[in-house]
Amino acid sequence: MKLGGALAGFWNMRGYSREGYGWLRRLVALPPAAGRDAIRAKALCGLAENGFRAGADRAEYRSHAEESVGLFRELKDQPGLAFALVQWGELLPAGSAAQRAALEECLDLFRRLADPWGTALALSQLAECLGHARGDDRQVQAYCQESLALFKACGDRYRRAFAMFPLIASYYLHSDPAPAYALLEECYAVNTEF
């Protein structure tokens, strides 16, 4: 289960979500896996992430994400909780108050942990949430710009490309196509590298 939790991000990022979902689902169902520890919490978080990408039953992967968040809270594992909140936030209805609350808590945790990559991830998800809710576009753009700078500093081109989407949408929706097209071209260039 420890190995499965560690591989969850790889399975998701490389397009093997069905395989990851299948393995993690079997692993968390094993009798010794019923413990309430960080290994189970991480595996549940990975199961939710891969289940979401694999098109699994929504109620099932949401319950795994919720259990993961609850376990990390119970264990007082702040880094684990911050990452689980990103996953939980991604699975909540787009633009909802619940999604925003989860992502704001996540952002606060990553900032307190001084984790630049996690902060960038939370910022990009929060920008997307605000974009769906038709929130303050200046705030969306500020979150995106900070997220892009942090991902660039961390050397994560893959996540940086995804963090561009809310910014592109914000520019495009406000009839400012020049920066939107420039970002689309950059995003396309990054994605063709993978």
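Quick note: numbers below take in every heavy atom, side chains included, and nothing from hydrogens, waters or symmetry partners.
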Pairs involving residues 72-83, ordered by first then second residue, that meet side chain to side chain donor-acceptor pair (under 3.5 Å) (sequence neighbours left out): R36-E74, R73-E105
Chi angles and distances behind the salt bridge (charged side-chain N to carboxylate O under 4.0 Å, His left out) call for K152, E186: CA-CA 13 Å; K152 186 174 186 176; E186 184 180 350; over 6 Å; no
Members besides F52 in its Ile/Leu/Val/Met/Phe/Trp/Tyr cluster (side-chain heavy atoms under 4.5 Å): Y61, L91
CZ/R160: more than 12 non-hydrogen atoms of other groups inside 6.0 Å: yes
From E49 atom CD to H64 atom NE2, the distance as rounded to the nearest 0.5 Å: 13.5 Å
Shortest non-hydrogen separation from A102 to L85 and the atoms involved: O-CB, 4.0 Å
Within one Ile-Leu-Val-Met-Phe-Trp-Tyr cluster: L150 and L103, side-chain cutoff 4.5 Å: yes
Least distance between heavy atoms, G5 atom then L24 atom: N-CD2, 3.9 Å
Residues R53 and E90 bridged, charged N to O under 4.0 Å: yes
Residue pair F72 / A84: nearest heavy atoms and the distance that separates them: CD1-CB, 3.7 Å
Crowding at CZ, R62 (>12 non-hydrogen neighbours, <6.0 Å): yes
Distance (rounded to the nearest 0.5 Å) between L27 CG and L3 CG: 8.5 Å
Side chain to side chain, H132 and Q99, heavy atoms closer than 4.5 Å: no
Distance-minimising heavy-atom pair for A38 and L75: N-CD1, 3.3 Å
Hphob cluster co-occupancy, L92 + L81, side-chain heavy atoms under 4.5 angstrom: yes
Minimum heavy-atom distance between A41 and L71, given as atom pair plus value: CB-CB, 3.7 Å
Evaluation steps, side chain to side chain contact (heavy atoms under 4.5 Å, CB included), between L148 and F151: CA-CA 5 Å; L148 292 171; F151 278 135; 5.6 Å; no
Separation between CE of M1 and CG of L44, rounded to the nearest 0.5 Å: 7.5 Å
Heavy atoms of other groups near R58 CZ, more than 12 under 6.0 Å: no
Atom pair CZ/CG of F83 and L109 - distance to nearest 0.5 Å: 13.5 Å
Anything under 3.5 Å between a donor and an acceptor, one on a side chain of residues 114-124, the other on a protein residue two or more places apart or in another chain? List them.
| unit_1 | atom_1 | unit_2 | atom_2 | d |
| --- | --- | --- | --- | --- |
| D115 | OD1 | W117 | N | 3.1 |
| D115 | OD1 | G118 | N | 2.8 |
| W117 | NE1 | D156 | OD2 | 2.7 |
| T119 | OG1 | D115 | O | 2.7 |
| S124 | OG | L121 | O | 3.0 |

Path from L113 to W88 over hydrophobic side-chain contacts below 4.5 Å: no
M164 reachable from Y181 in the ILVMFWY side-chain graph, under 4.5 Å edges: yes
Side-chain (N50) to main-chain (A8) donor-acceptor, under 3.5 angstrom: yes
Any F10 side-chain heavy atom under 4.5 Å of Y16 side chain: yes
Closest contact, heavy atoms only, P166 versus V140: O-CG1, 4.1 Å
Nearest-0.5 Å distance that lies between atom CD1 in I168 and atom CD in E185: 10.5 Å
Distance, nearest 0.5 Å, that separates CZ of R40 from CG of L30: 10.0 Å
L7 and W23, any side-chain heavy atoms less than 4.5 Å apart: no
